[in-house]
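Okay, structure first, notes after.
The figures here come from the full heavy-atom set of this structure, side chains too, leaving out hydrogens, waters and symmetry mates. Residues: numbered from 1 along the sequence shown.
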Amino acid sequence: MIAKLEEVSKTYRVGDQEIVALQPTSMEVKEGELLLIIGPSGSGKTTLLSLLGCVLYPSKGRLWVDGQEINRLSERQLAHLRLSTIGFVFQSFNLLAPLSAEDNVLMPLRLQGVKNAEARQRTQKALEMVDMMDRRKQLPKQLSGGQQQRVAIARALVTNPKLVLCDEPTASLDKDSLDVVMTELRHLANEGKSVCVVTHDPRLEKYAHRIVAVNNGIVTAVDKIDH
């Protein structure tokens with residue numbers, strides 16, 4: 001188990017109105033699984049992902065990630081946990097335009113203070129894992145959407161995180177690129193990573209070990225899939 005929620009909820013106050021983004025939720029995220037979090041826009045699935053990613057504190061309930069209770073951590077401790085334990089993959093890729101694919105992947109290791117020789121070696125390994133070494137010197141604008149997403153996955157993996165969180169990672173991709181990206185994410189889960197993918201696309205269900213649905217802030221389990 002890499003993450004655990006006990007009656008975790010998230011509310012926001014807008015003026016004198018309280019908006020419930022996530023109803024009290026208890027669930028676990030296990031090692032070695034691809035967990036699909038499905039639901040329509042505004043359902044609360046991205047809030048759930050943000051809580052797992054230590055971007056938000058719970059309003060109520062208790063949340064543990066990698067054995068640490070998030071409620072008790074400072075912002076600085078949260079930032080360290082995110083950098084050392086969690087890899088993020090976004091719909092919009094979030095690659096830095098002036099940097100090559102290689103330098104984008106290298107960036108998290110620079111932030112961690114990893115020595116240059118080791119950082120270069122780990123960057124090469126991450127790019128090889130997603131079959132992007134031949135494009136490593138190209139800028140993001142010179143890459144297709146699928147290639148940019150594979151670079152973003154390499155960047156998420158280069159720190160060897162235990163938990164990989166993906167927010168609509170295939171929304172901008174064609175069918176072939178979608179299959180490449182999801183097959184890679186499934187492989188990561190099979191190799192022991194915890195991978196959570198937020199989506200509203202039912203085509204992704206076949207890649208999942210387990211599915212939860214979020215609707216109006218309520219999380220419900222979907223029948224387990226065995227492939």
Side-chain angles (χ1 to χ4, degrees), residues 1-30 33-96 108 111 149 152-153 155-156 159 161-172 185 194-202 204-205 208 210-222:
M1 182 183 69
I2 186 65
K4 181 179 180 180
L5 294 82
E6 279 190 0
E7 292 297 300
V8 167
S9 64
K10 184 65 183 177
T11 58
Y12 298 96
R13 186 162 290 281
V14 180
D16 59 355
Q17 186 178 15
E18 187 175 81
I19 297 173
V20 180
L22 187 71
Q23 299 280 0
T25 298
S26 296
M27 62 177 285
E28 295 180 355
V29 179
K30 302 169 186 173
E33 74 169 355
L34 194 158
L35 173 66
L36 203 65
I37 303 171
I38 62 173
S41 297
S43 62
K45 60 186 188 296
T46 298
T47 297
L48 176 58
L49 197 74
S50 298
L51 287 162
L52 291 170
C54 304
V55 176
L56 300 174
Y57 286 106
S59 298
K60 293 181 180 178
R62 302 172 74 188
L63 168 63
W64 290 265
V65 175
D66 196 26
Q68 299 188 63
E69 188 173 352
I70 301 310
N71 314 56
R72 298 179 180 272
L73 300 184
S74 66
E75 289 284 0
R76 182 186 292 271
Q77 289 170 319
L78 276 185
H80 177 74
L81 182 61
R82 287 195 298 269
L83 186 59
S84 62
T85 305
I86 303 169
F88 293 91
V89 180
F90 303 96
Q91 173 184 345
S92 54
F93 317 134
N94 285 8
L95 300 179
L96 298 173
L111 294 173
Q149 193 60 288
I153 291 172
R155 182 182 58 188
T159 58
K162 296 179 181 179
L163 177 61
V164 180
L165 302 178
C166 309
D167 193 2
E168 300 281 5
T170 60
S172 305
L185 291 174
S194 297
V195 182
C196 296
V197 178
V198 156
T199 188
H200 61 269
D201 188 345
L204 273 56
E205 293 181 6
R210 189 163 58 100
I211 301 173
V212 296
V214 187
N215 202 3
N216 293 324
I218 300 171
V219 179
T220 53
V222 177

(Q) Would you say CG of Asn71 has more than 12 non-hydrogen atoms from neighbouring residues, nucleotides or ligands within 6.0 angstrom? (A) yes

So, do [X] and [Y] sit near enough that their side-chain heavy atoms are less than 4.5 Å apart?
{"X": "Lys4", "Y": "Arg62", "result": "no"}
{"X": "Gln149", "Y": "Pro169", "result": "yes"}
{"X": "Leu111", "Y": "Thr159", "result": "no"}

Looking at [X] and [Y], would you say the former's side chain and the latter's main chain have a donor-acceptor pair under 3.5 Å?
{"X": "Glu28", "Y": "Ile2", "result": "no"}
{"X": "Gln77", "Y": "Ser74", "result": "yes"}
{"X": "Arg82", "Y": "Phe88", "result": "no"}
{"X": "Ser59", "Y": "Thr11", "result": "yes"}
{"X": "Thr199", "Y": "Ile38", "result": "no"}

Q: Check step by step if side-chain contact (heavy atoms from CB on, under 4.5 Å) holds for Asn94 and Arg155.
A: CA-CA 10 Å; Asn94 285 8; Arg155 182 182 58 188; 3.9 Å; yes

Measure across [X] and [Y] and return the closest heavy-atom pair with its distance rounded to 0.1 Å.
{"X": "Lys10", "Y": "Tyr57", "value": "NZ-O, 2.8 Å"}
{"X": "Gly87", "Y": "Pro161", "value": "N-CB, 3.5 Å"}
{"X": "Tyr12", "Y": "Leu56", "value": "OH-CD1, 3.3 Å"}
{"X": "Asp16", "Y": "Arg13", "value": "O-NH1, 3.6 Å"}
{"X": "Leu185", "Y": "Leu34", "value": "C-CD1, 3.8 Å"}
{"X": "Val89", "Y": "Ala152", "value": "CG2-O, 4.2 Å"}

**Q.** Pair Glu69-Arg72, salt bridge (Lys or Arg N to Asp or Glu O under 4.0 Å): steps then yes or no
**A.** CA-CA 6 Å; Glu69 188 173 352; Arg72 298 179 180 272; 3.0 Å; yes

Find the distance between [atom1] ([X]) and [atom2] ([Y]) and round it off to the nearest 0.5 Å.
{"X": "Glu7", "Y": "Thr25", "atom1": "CD", "atom2": "OG1", "answer": "8.0 Å"}
{"X": "Lys162", "Y": "Ile86", "atom1": "NZ", "atom2": "CD1", "answer": "11.0 Å"}
{"X": "Leu83", "Y": "Cys54", "atom1": "CG", "atom2": "SG", "answer": "12.0 Å"}
{"X": "Leu78", "Y": "Gln68", "atom1": "CG", "atom2": "CD", "answer": "9.0 Å"}
{"X": "Ile211", "Y": "Leu35", "atom1": "CD1", "atom2": "CG", "answer": "9.0 Å"}
{"X": "Leu49", "Y": "Leu165", "atom1": "CG", "atom2": "CG", "answer": "4.5 Å"}

Q. Given the rule in the side-chain contact (heavy atoms from CB on, under 4.5 Å) test, do Met27 and Leu48 qualify, once you have shown the distances and angles that lead to the verdict?
A. CA-CA 11 Å; Met27 62 177 285; Leu48 176 58; 4.1 Å; yes

Q: Begin from the C-alpha positions of Asn215 and Thr220 and carry the test side-chain contact (heavy atoms from CB on, under 4.5 Å) through to its verdict.
A: CA-CA 8 Å; Asn215 202 3; Thr220 53; over 6 Å; no

Q.
Val219 vs Leu22, test: side-chain contact (heavy atoms from CB on, under 4.5 Å). Steps then yes/no.
A. CA-CA 8 Å; Val219 179; Leu22 187 71; 3.8 Å; yes

Q | Summary of side chain to side chain donor-acceptor pair (under 3.5 Å) pairs that have at least one residue in residues 40-49, sequence neighbours excluded | A | none

